[in-house]
Protein chains: 2
Amino acid sequence: MADPEKRFETIIQKLRDNGHKITPQRMAIIKILAESKCHPSVEDIHDQIKNNFSTMSLATVYRNIVLIKSLGEILELGFPDGSNRYDGNKPYSHPHIICVKCKKIVDPDLDSLEDLKNELAVETNFKILNHRLDFFGICSNCMAEEV
Amino acid sequence: MADPEKRFETIIQKLRDNGHKITPQRMAIIKILAESKCHPSVEDIHDQIKNNFSTMSLATVYRNIVLIKSLGEILELGFPDGSNRYDGNKPYSHPHIICVKCKKIVDPDLDSLEDLKNELAVETNFKILNHRLDFFGICSNCMAEEV
DNA sequence: ATGTTAAATGAGAATAATTATTATTTAAGA
DNA sequence: TCTTAAATAATAATTATTCTCATTTAACAT
């Protein structure tokens, strides 16, 4: 996991470089995205900020996510049930493993992913650009709780 | 790819076994899902059937997909832009590689996927149940077209 | 410091995809 | 053929996201 402070600064700088203003609302959103505890949803972000910023609009969260995504600084994870989750800490393709019980999301390091990509490139002749790899299972904690 | 005829029969039989009626609309939907050319969307299915069945309702397509999904006979692929695609031919987790130019979806055979799963299980201590693996890239055809 | 201006925001309306409702139709077994 | 619960068509309701527009404000110049 990258240092949230550094990620925050990186995103802010990128916005500055592209001529965008740094507003308090924007900073609050980026602070949460830079940390990306548990890959928050738009609602999560909005709820969290509303505690300090009672007038924070949902539209502002959406707008900022679109903007920062267009700069390549957040990764969007869409799920079939329509829930979108965001990761501003590691904004590039990487595998996840998700506990179907407690919904925890873990980022594993998988050395053999390179082998898989090589096999894929050879077999399909595609030029591979990025990926979305999610595994679903039950974490050791939830497994222990099962009787 | 499984034989679409066989897949059709399998799904129909499973519906019968669970006490569901076999209507013409239902059969038309299942016929398309059993083949799953290019993993159709709800709209694709509806449009295709409307040619023969002018009164076919969108809601019926949605309802049948929910039902057949609950019986484990179709795989739902949700994408971040909100588009959901369906595969009733191979209704279990399997990797895809998707051309970002022509949107073609290919199902590769990846022997090294087992190694990856093993590495993952060891590293995370999760009990792995299923997965969603999508690679995005450019197919050889589209690559050739680039100047 | 103050003024200027284009960008950003808040609030609510608009949109689009999906789900629910209800009256009507129909598949399947008696 | 009859009966009945399930399925359908049409449309209303719902929900997540995007748009609109009046207002505010960050950033820059003076």
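Sequence lines set the chain letters: A, B, ... in the order given, protein chains first and strands last, and positions in each chain run from 1.
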Shared hydrophobic cluster for A/Leu129 and A/Ile74 (ILVMFWY, side-chain gaps under 4.5 Å): no
B/Leu58 CG - C/dA17 C1' separation (whole Å): 9 Å
Sugar-phosphate only, base, or nothing, as touched by B/Arg63 at under 4.0 Å among non-hydrogen atoms: base
B/Ile22 CD1 - C/dG29 C1' separation (whole Å): 14 Å
B/Arg16 side-chain proximity, nearest of D/dA7, C/dT9, C/dA28: C/dA28
Salt bridge flag under 4.0 Å for residues A/Glu73 and A/Arg7: yes
Under 4.0 angstrom between B/His20 side-chain N/O and D/dA7 OP1 or OP2: yes
salt_bridge(A/Glu145, A/Lys101) N-O dist < 4.0 Å: no
Nearest to side-chain heavy atoms of B/Arg26, which nucleotide of C/dA20, D/dA27, D/dA7: D/dA7
Separation of C/dA8 P from A/Leu67 CG (nearest whole Å): 7 Å
Side chain of B/Asn64 - closest among C/dA11, D/dT8, D/dA10: D/dT8
Protein-nucleotide distance (A/Ile45, atom CD1; D/dA16, atom C1'), rounded to Å: 15 Å
Check: A/His96 ring centroid to A/His39 ring centroid under 6.0 Å: yes
5' priority, DNA chain C, between B/Pro24 and B/Asn84 [closest heavy atom]: B/Asn84
Presence of B/Gln25 side-chain N/O under 4.0 Å of D/dA9 phosphate oxygens OP1/OP2: yes
Which nucleotide in C/dA6, D/dT17, D/dA10 has an atom nearest any side-chain atom of A/Lys21: C/dA6
Nearest-Å distance for atom pair OH/C1', residues A/Tyr62 and C/dA16: 13 Å
Euclidean distance, atom CZ of residue B/Phe53 to atom C1' of D/dA7 [Å, nearest integer]: 12 Å
Any B/Thr55 side-chain nitrogen or oxygen under 4.0 Å from OP1 or OP2 of D/dA9: yes
Cation-pi geometry met for A/Arg132 and A/Tyr92 (6.0 Å, 45°): no
Whichever of B/Ala59 and A/Ile29 has its nearest DNA chain C nucleotide further upstream toward 5': A/Ile29
Closest nucleotide among C/dT9, C/dA28, C/dA11 to the A/Thr60 side chain: C/dT9
Distance, rounded to the nearest Å, where B/His46 contributes NE2 and D/dT8 contributes C1': 12 Å
Any A/Thr23 side-chain N or O less than 4.0 Å from OP1/OP2 of C/dA8: no
d(CD1, B/Ile49; C1', D/dA9) in whole Å: 14 Å
